[in-house]
S.K.: 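Once you've had a glance at the structure underneath, I'll fire off some questions.
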Amino acid sequence: MLALNEDEQLTVQDIMDRPAFRHAYLAAGAQGLRRQVRWVHIIEVIQFEELLQGGEMILTTGAAFKTDSGLFTAYIDQLVKRGVACLCIEMGHYITSVPEAWIDLAESHGLPLIIFPQAVRFIDITQDVHAQIINQHHHALQQLERISREFHRMTLTSQGVGQVLQLLQNSTGAQVVYLPSDNGQPHFVPHAAGPKAARWLELLEGRPLDSLQAGPSLLEADGQTVIIQPVGAMGKTWAHLVLAFRRKPRQQDYLILDSASLSIAQDLLRRRYIEERKLYSQTLWVDDLLHLRLRDEEQIKALVGTDFKRFNELTYRVCLIEFEHERGNGGGNRESSETGFASGFGEGDESFGIHLSLTVRSVFEQHAFLPLITLQNNRLVVIAFDQSPSKPAKERLRRVFGSLRELKSGEGGKPPVIGVGQPNRGFRQAYASYQEAIHAISLSSTLRESCLFFEELGVFRLLFHIADKQMLESFVRSCLGPLIDHDRARGSELLRTLKVYLDHDGSKQIAAQRLFIVRQSLYYRLDQIEELLGADYMEPEKRLSLQVAIRAYQLLNPDQKLV
């Protein structure tokens with residue numbers, strides 16, 4: 001059986017059986033012989049409390065307290081407070097006998113007091129004990145590695161998770177409870193049913209289960225120490241592993257639990273990848289829907305299946321999420337990625353799409369959206385159906401996009417650019433929301449915004465529907481021609497100055513701050529603008545025309561930065 005043997009922990013009793021202690025005897029504290037010894041420390045000073053962490057075997061010649069009972073009491077109090085394993089005193093130059101009061105004091109604290117009746121070499125003791133501790137640590141690490149490999153091997157079988165839970169119980173001796181987050185059936189090892197199982201579920205129900213980032217949490221219940229470990233990936237918790245001990249958990253228990261949770265997470269991720277591949281192939285028709293190649297409702301109903309009515313009645317938005325192309329180091333034209341957000345588009349298109357779809361689906365589902373996903377080049381198209389209409393959808397979408405940006409920035413890449421169409425209902429309206437998402441994302445570089453909702457685009461919403469570009473260009477020339485020509489001829493920034501000035505209601509102070517120029521420079525530019533456009537350019541009608549013309553110019557010249 002692959003298990004860590006608790007008896008392999010080095011105790012005070014084990015050390016007393018070592019050759020270096022053959023002449024030593026136990027004067028007090030027999031009840032503490034099972035204490036674990038973590039290290040050996042020599043202390044010959046009276047103030048040392050901050051030097052100890054607990055579990056140490058203390059060696060001393062008594063130089064700190066000699067025959068002074070008051071100093072000895074202070075010495076013992078510090079040892080007890082720091083939770084040392086035992087105290088060893090060498091008889092000799094400083095101490096020739098141990099008073100009964102000292103022995104009684106150690107006995108009252110349950111502190112093992114070991115006496116060396118003659119001089120010993122402390123260096124021999126420290127080397128011997130430290131070698132034993134290090135060897136045991138090395139052996140424990142080897143066992144942990146074997147257990148970890150066995151966890152991973154088990155997840156490759158059809159009953160992988162169940163076997164992992166059984167090995168976890170064998171290795172720790174704890175009660176194991178596995179709680180899926182999707183309301184799945186809890187699993188108990190050893191098996192628990194009826195009132196016992198109900199008691200466990202009642203105990204855990206309503207307790208705040210930590211996120212993946214927070215790691216395991218501890219609680220005390222029914223005389224047991226309970227560790228709760230979240231299991232999941234991609235920022236989403238898929239299950240919780242619970243260990244309940246009737247003893248204090250050891251560091252090895254945490255390491256084994258972490259290895260088991262990682263193996264289960266990999267198994268769940270693999271299963272979700274298979275499910276995502278199936279969904280990915282089943283929703284290829286979404287691209288036809290968005291491009292009006294699929295219009296017949298009966299045909300759509302056949303493709304969606306039994307969920308058609310539910311989908312068709314939910315409000316949705318089409319979200320267009322664009323990820324950067326990243327050039328790999330492998331040469332040629334192939335692009336690659338280690339993380340799945342930016343990837344090679346070529347041989348690995350399908351794998352990239354499935355991995356990306358799985359990541360994005362997980363984030364949308366966390367915020368109560370049911371996504372239909374399709375991939376177009378480096379753009380992911382998501383029809384996000386709102387399953388929680390009582391909560392503001394836009395705010396939840398912003399949190400979704402914030403999570404995607406965090407994931408991407410965590411990988412060291414540029415954040416995705418996102419365009420979002422207006423809310424709609426009914427599959428046949430998806431084309432309209434998709435076109436709005438395209439319009440929104442097309443302005444991302446112009447407006448220097450990474451996330452744009454179509455309804456927030458202002459007058460751009462009208463300009464998109466003017467098919468006659470010559471008419472737009474003529475309108476722009478008639479309103480802004482003198483400024484455009486002046487900027488091109490002299491390299492000035494009068495058009496940008498006018499936009500900032502108008503966008504801030506003619507506030508010279510704010511405009512100067514936004515343009516990063518002094519007031520005098522702004523006044524000079526405004527005088528030039530007035531000379532070119534006329535003194536009435538701030539009159540309501542002309543001002544409105546200028547602001548619309550500036551937006552039209554931005555639409556026609558997306559590479560020109562005016563913000």
S.K.: Is atom CZ of R490 surrounded by more than 12 heavy atoms (other residues, nucleotides or ligands) closer than 6.0 Å?
M.R.: no
S.K.: Would you check if the side chain of S403 reaches a backbone N or O of R399 as a donor-acceptor pair within less than 3.5 Å?
M.R.: yes
S.K.: For the residue pair R293 and D287, establish whether any side-chain heavy-atom pair is separated by less than 4.5 Å.
M.R.: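 Counting from C-beta outward, R293 and D287 do come under 4.5 Å.
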S.K.: Mind telling me whether F364 and F369 have parallel, tilted or perpendicular rings, with 30° and 60° as the class edges?
M.R.: perpendicular
S.K.: Where do R310 and Q387 come nearest, in terms of heavy atoms and distance?
M.R.: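 The answer is NH1-OE1, 3.8 Å.
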S.K.: Crowded around R295 CZ? As in, over 12 foreign heavy atoms under 6.0 Å?
M.R.: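 12 or below, so no.
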S.K.: Do the charged groups of R425 and D386 touch, with an N to O distance under 4.0 Å?
M.R.: no
S.K.: Measure the spacing between OG of S259 and CD1 of I256 and express it to the nearest 0.5 Å.
M.R.: 8.5 Å
S.K.: Any side-chain to backbone donor/acceptor pair from N424 onto A432? Under 3.5 Å, distance only.
M.R.: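 No, N424 side chain to A432 backbone: no donor-acceptor pair under 3.5 Å.
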S.K.: Any idea which heavy atoms bring G421 and E455 closest together, and the distance?
M.R.: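 Smallest heavy-atom distance, with atoms named: O-OE1, 4.4 Å.
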S.K.: Is there side-chain contact between V318 and F454, with heavy atoms separated by less than 4.5 Å?
M.R.: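 A side-chain contact is absent here, since even the closest heavy-atom pair is not under 4.5 Å.
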S.K.: For the CG atom of L179 and the NE2 atom of H187, what is their distance to the nearest 0.5 Å?
M.R.: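 Atom-to-atom, L179:CG and H187:NE2 are 11.5 Å apart.
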S.K.: Ion pair present between D503 and R551, side-chain N to carboxylate O less than 4.0 angstrom?
M.R.: yes
S.K.: What orientation do F401 and F453 show, parallel under 30°, tilted 30 to 60°, or perpendicular over 60°?
M.R.: tilted
S.K.: Between P230 and H240, is any pair of side-chain heavy atoms under 4.5 Å apart?
M.R.: yes
S.K.: Just how far is it from atom CZ of R519 to atom CD of Q513, taken to the nearest 0.5 Å?
M.R.: 8.0 Å
S.K.: Can you list, pair by pair, the side-chain donor-acceptor contacts under 3.5 Å of residues 457-476, counting residues two or more places apart and other chains?
M.R.:
| unit_1 | atom_1 | unit_2 | atom_2 | d |
| --- | --- | --- | --- | --- |
| R461 | NH2 | Q422 | OE1 | 3.4 |
| D468 | OD1 | Q470 | N | 3.1 |
| D468 | OD1 | M471 | N | 3.2 |

S.K.: Hey, what do you get for CG (L370) to CD1 (I383), rounding to the nearest 0.5 Å?
M.R.: 11.0 Å
S.K.: Are any non-hydrogen side-chain atoms of E436 and R317 less than 4.5 angstrom apart?
M.R.: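 SC-SC contact between E436 and R317 ruled out.
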S.K.: Looking only at heavy atoms, what is the nearest atom pair of R543 and G506, with distance?
M.R.: NH2-N, 4.4 Å
S.K.: Main chain of T359, side chain of S362: is a donor-acceptor contact present, judged purely on distance under 3.5 Å?
M.R.: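 Judged by distance alone, no pair lies under 3.5 Å.
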S.K.: What pair of heavy atoms forms the shortest contact from A430 to L289, and how long is it?
M.R.: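 A430 and L289 have their closest heavy atoms at CB-CD2, 4.0 Å.
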S.K.: Does NZ or CZ of R272 fall inside the cone over W238's six-membered ring, less than 6.0 Å from its centre and within 45° of the axis?
M.R.: yes
S.K.: L292 versus Y434: any side-chain heavy-atom pair under 4.5 Å?
M.R.: no
S.K.: Mark yes or no for whether S444, through its side chain, and A440, through its backbone, hold a donor-acceptor pair below 3.5 Å.
M.R.: no
S.K.: Identify the heavy atoms of S388 and A368 that sit nearest to each other, and give their distance.
M.R.: CB-CB, 3.7 Å
S.K.: Output, in order, the C-alpha distance, side-chain angles, deciding distance and verdict of side-chain contact (heavy atoms from CB on, under 4.5 Å) for D267 and V164.
M.R.: CA-CA 11 Å; D267 181 73; V164 167; over 6 Å; no
S.K.: Nearest 0.5 angstrom please: F427 CZ to N312 CG, how far?
M.R.: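 Interatomic distance, F427 CZ to N312 CG, rounded to 0.5 Å: 6.0 Å.
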S.K.: Is there a side-chain contact between L243 and Q229, using heavy atoms and a 4.5 Å cut-off?
M.R.: no
S.K.: Check the pair Q554, L447 against side-chain contact (heavy atoms from CB on, under 4.5 Å), reporting the backbone distance first and the verdict last.
M.R.: CA-CA 9 Å; Q554 289 180 285; L447 302 181; 4.0 Å; yes
S.K.: So does Q185 get a backbone contact from the side chain of Y178, meaning a donor-acceptor N/O pair under 3.5 Å?
M.R.: no
S.K.: With S263, which of R153, H152, Q163, R149 fulfils side chain to side chain donor-acceptor pair (under 3.5 Å)?
M.R.: H152
S.K.: Side chains of V286 and I373: does their closest heavy-atom pair fall under 4.5 Å?
M.R.: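 Not in contact.
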S.K.: Please indicate whether K394 has more than 12 foreign heavy atoms, meaning atoms of other residues, nucleotides or ligands, lying under 6.0 Å from its NZ.
M.R.: yes
S.K.: Enumerate donor-acceptor pairs with a distance under 3.5 Å from any side-chain N or O in residues 298-308 to protein atoms, sequence neighbours excluded.
M.R.:
none

S.K.: Taking the side chain as everything from C-beta on, heavy atoms only, tell me whether F151 gets closer than 4.5 Å to L262.
M.R.: no
S.K.: When rounded to the nearest 0.5 angstrom, what distance separates CG in L372 from CZ in R361?
M.R.: 7.5 Å
S.K.: Test side-chain contact (heavy atoms from CB on, under 4.5 Å) on L168 and V189; report intermediate values, then the result.
M.R.: CA-CA 9 Å; L168 177 61; V189 182; over 6 Å; no
S.K.: Please assess R525 against E493 for the test side-chain contact (heavy atoms from CB on, under 4.5 Å), listing each intermediate value before the final yes or no.
M.R.: CA-CA 8 Å; R525 292 186 187 183; E493 290 191 327; 4.0 Å; yes
S.K.: Closest approach of A239 and P180, non-hydrogen atoms and distance?
M.R.: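 Heavy atoms of A239 and P180 come nearest at CB-CA, 3.9 Å.
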